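Report on the structure given below.
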Amino acid sequence: MACISFSSSVSPSNSIAFTMPQLDPKDGPTARSNRFISCRKRGGAVRHVATQPPAAITIPSTQRSEKEADAAIKSHVAWTSIRRLRWEGEISVQGEIPLWLSGTYLRNGPGLWHIDDYNFRHLFDGYAMIVKLQFENGRVIAGHRQIESDAYKAAMRNRRLCYREFSESPKPGNFLFYVGELASLFSGASLTDNSNTGVVRLGDGRVLCLTETQKGSIVIDPETLGTIGRFEYSDSLGGLIHSAHPIVTESEFLTLLPDLINPGYLVVRMEPGSNERKVIGRVDCRGRSAQAPGWVHSFPVTEHYVIIPEMPLRYCVHNLLKAEPTPLYKFQWQPESKSYLHVMCKASGKIVTSVEVPLYVTFHFINAYEERDKDGRMVAVVADCCEHNADTSILDNLRLENLRSLSGQDVLPDARVGRFRIPFDGSPYGTLEAALDPEEHGRGMDMCSINPYFLGKKYRYAYACGARRPCNFPNTITKIDLEKKTAKNWHEEGAIPSEPFFVALPGATEEDDGVVISMISQENGDGYALLLDGSTLEEIARAKFPYGLPYGLHGCWVPKDQKK
């Protein structure tokens, strides 16, 4: 046994002794995971195994209520608060980390779902925690740390909720408090800056953690994971919310700003090194009965166009004002307002086409590309998303109570790879169909990534979380082949994988030449980082954490020479 000493930086009395066994080839739930799999690429074999035991690390301890500790025993570790507020150390690798993999994978997500004895209600409520996997010479340094947003710091200082989270709001003590809180809501002061959704690396190297409130854009240090401060937009565009998933490349930052007063969307661009967003164009909502724009969690782009989705799941101020959440929380399902997709030219800001499409519900678009005829003329835009069959129940299904109460019943709502086709022939209608048989991925589909070189271009492969049923949450890592219309699935009993993130092999000539990174939360309370071959979906390596991590959301890649 290798002993790791955990000592608190708070006080000597908080020191904790902890032992963890060295990884053994016999460990692991399946025979397949017991093997040391060699990753052979077109450029030849890569060979390196890092098996050194973790070094001593220092982390502060955190208090956990008896109620939370009891819940942690009964619940899957994916849905329980992190055991410690901060941790870092080298972790032992079973298998082979490709030597070309040099950089840091960052993953954002909720890490703390309770304040003392008060437990939050929804997956999206938890206070943000950033996790890193730093790869170098076949070794892995891992760590996690809470993001020090104003919402998080106020909660820790006052031991209560102080800002409006996704499904939580501060409890009014009296009528005057309630009136004051409503005034703060309209000004945006009471909205959370808890940036627990995504993390992106800007073209100038700065790393931002994001959520849907504009104030929830926070700069972090990708090496120490320390919170540097709020990212202040220097323009005067105003507004309270934006898309949680901007399009970020080396040359630009694109995002959508929903207009809640005059229903529509601003499309804006920000250049590397700048904090100023500039308007490309605006699109007004087409839904005649729409009192607000549709929810825009993400959106796709092609090489020349921005696609603006207008979903009938619309922002709802009436629901936002309620002290207790509705099943749709801050939104309202308005099928009578219909669904639309708008296509805007990046260069001119003009809307080149706007079509009605079948009703749909999506959190995440996957990619989009331009379809041309043999003479090179534009005939259509194709846009793919993780589509929930126009079923809004997925939102309420993500309540922690549901996630913590898996009974063996098949209760995960169906999902598919929804493929929109937006014609450029003047037709007022577009189409929406399944890009492949949903049974290929267990009728579960979300949290997609692609080879970033193919952003906005015609592509073949996507990596996502699918389902092996019965289940109440996606539980596989799935590789989608959109050309053959097939899928490969990785599954481990009792495991909950986070978003599979694709990192391309430098100089690769094939779209799927690279590795897929995910963080796995296990039913027994453990967890590990997983690397799969992007081509075969075979396991390359796993590196065990000292304890399991809660489920995370989205990540980004920071190359070694661009961390600062």
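These numbers come from the heavy atoms of this one structure, side chains and all, not from hydrogens, waters or symmetry mates. Bear in mind the structure is a predicted one, so any value in this text is a computation, not a measurement.
- Within the 3.5 Å criterion, the main-chain N or O of Q409 finds no donor-acceptor partner in the side chain of R469.
- Evaluation of the ring pair (Phe, Tyr, Trp, His ring centres under 6.0 Å) rule for Y369 yields no partner, not counting sequence neighbours.
- Outside the 6.0 Å centre-distance limit, the rings of F501 and Y463 are not counted as a close aromatic pair.
- Taking Y551 as the reference, W79, F473 meet the ring pair (Phe, Tyr, Trp, His ring centres under 6.0 Å) condition, with sequence neighbours excluded.
- Put simply, CD on E499 and SG on C448 are 8.5 Å apart, with the number rounded to the nearest 0.5 Å.
- Applying the ring pair (Phe, Tyr, Trp, His ring centres under 6.0 Å) criterion to Y127, with sequence neighbours excluded, gives F120, Y152.
- Aromatic ring centres of F166 and Y329 lie closer together than 6.0 Å.
- Partners of S217 according to the side-chain hydrogen bond (donor to acceptor under 3.5 Å, both in side chains) rule, which considers only residues two or more places apart in sequence or in another chain, are Y233.
- Taken from OG1 in T192 to CD in E212, the straight-line distance is 12.0 Å, to the nearest 0.5 Å.
- Taking the ring centroids of H388 and F363, they lie under the 6.0 Å cut-off.
- Centroid-to-centroid, the aromatic rings of Y528 and F545 stay 6.0 Å apart or farther.
- Here L436 contributes atom CG and I480 contributes atom CD1; the two are 5.0 Å apart, rounded to the nearest 0.5 Å.
- Legend: residues meeting ring pair (Phe, Tyr, Trp, His ring centres under 6.0 Å) with F424, ordered by chain and number and at least two apart, are Y305.
- Applying the 6.0 Å contact sphere to NZ of K338 captures no more than 12 heavy atoms from other residues, nucleotides or ligands.
- Rounding to the nearest 0.5 Å gives a distance of 13.5 Å between CE of M129 and CZ of R145.
- In this structure, K132 is not positioned above the aromatic face of Y105 in the sense of NZ or CZ being under 6.0 Å from the six-membered ring centre and within 45° of the axis.
- Aromatic ring centroids of Y265 and H342 lie 6.0 Å or more apart.
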TODO: For ring-ring contact (aromatic ring centres under 6.0 Å, His included), just list the numbers for F502 and Y461, CA-CA rounded to whole Å, side-chain angles, deciding distance to a tenth of an Å, and then say yes or no.
DONE: CA-CA 10 Å; F502 181 83; Y461 301 111; 8.9 Å; no
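- T302 and E370 share a side-chain donor-acceptor pair at under 3.5 Å.
- With sequence neighbours left out, E483 forms a side-chain hydrogen bond (donor to acceptor under 3.5 Å, both in side chains) with no residue at all.
- Using cut-offs of 30° and 60° for the angle between ring planes, the H297 and H554 rings count as tilted.
- Note that K330 lies outside the cation-pi zone of Y315, set by a 6.0 Å cut-off to the ring centre and a 45° limit from the axis.
- Geometric assessment of K457 against the ring of Y453 yields a positive cation-pi assignment under the 6.0 Å and 45° thresholds.
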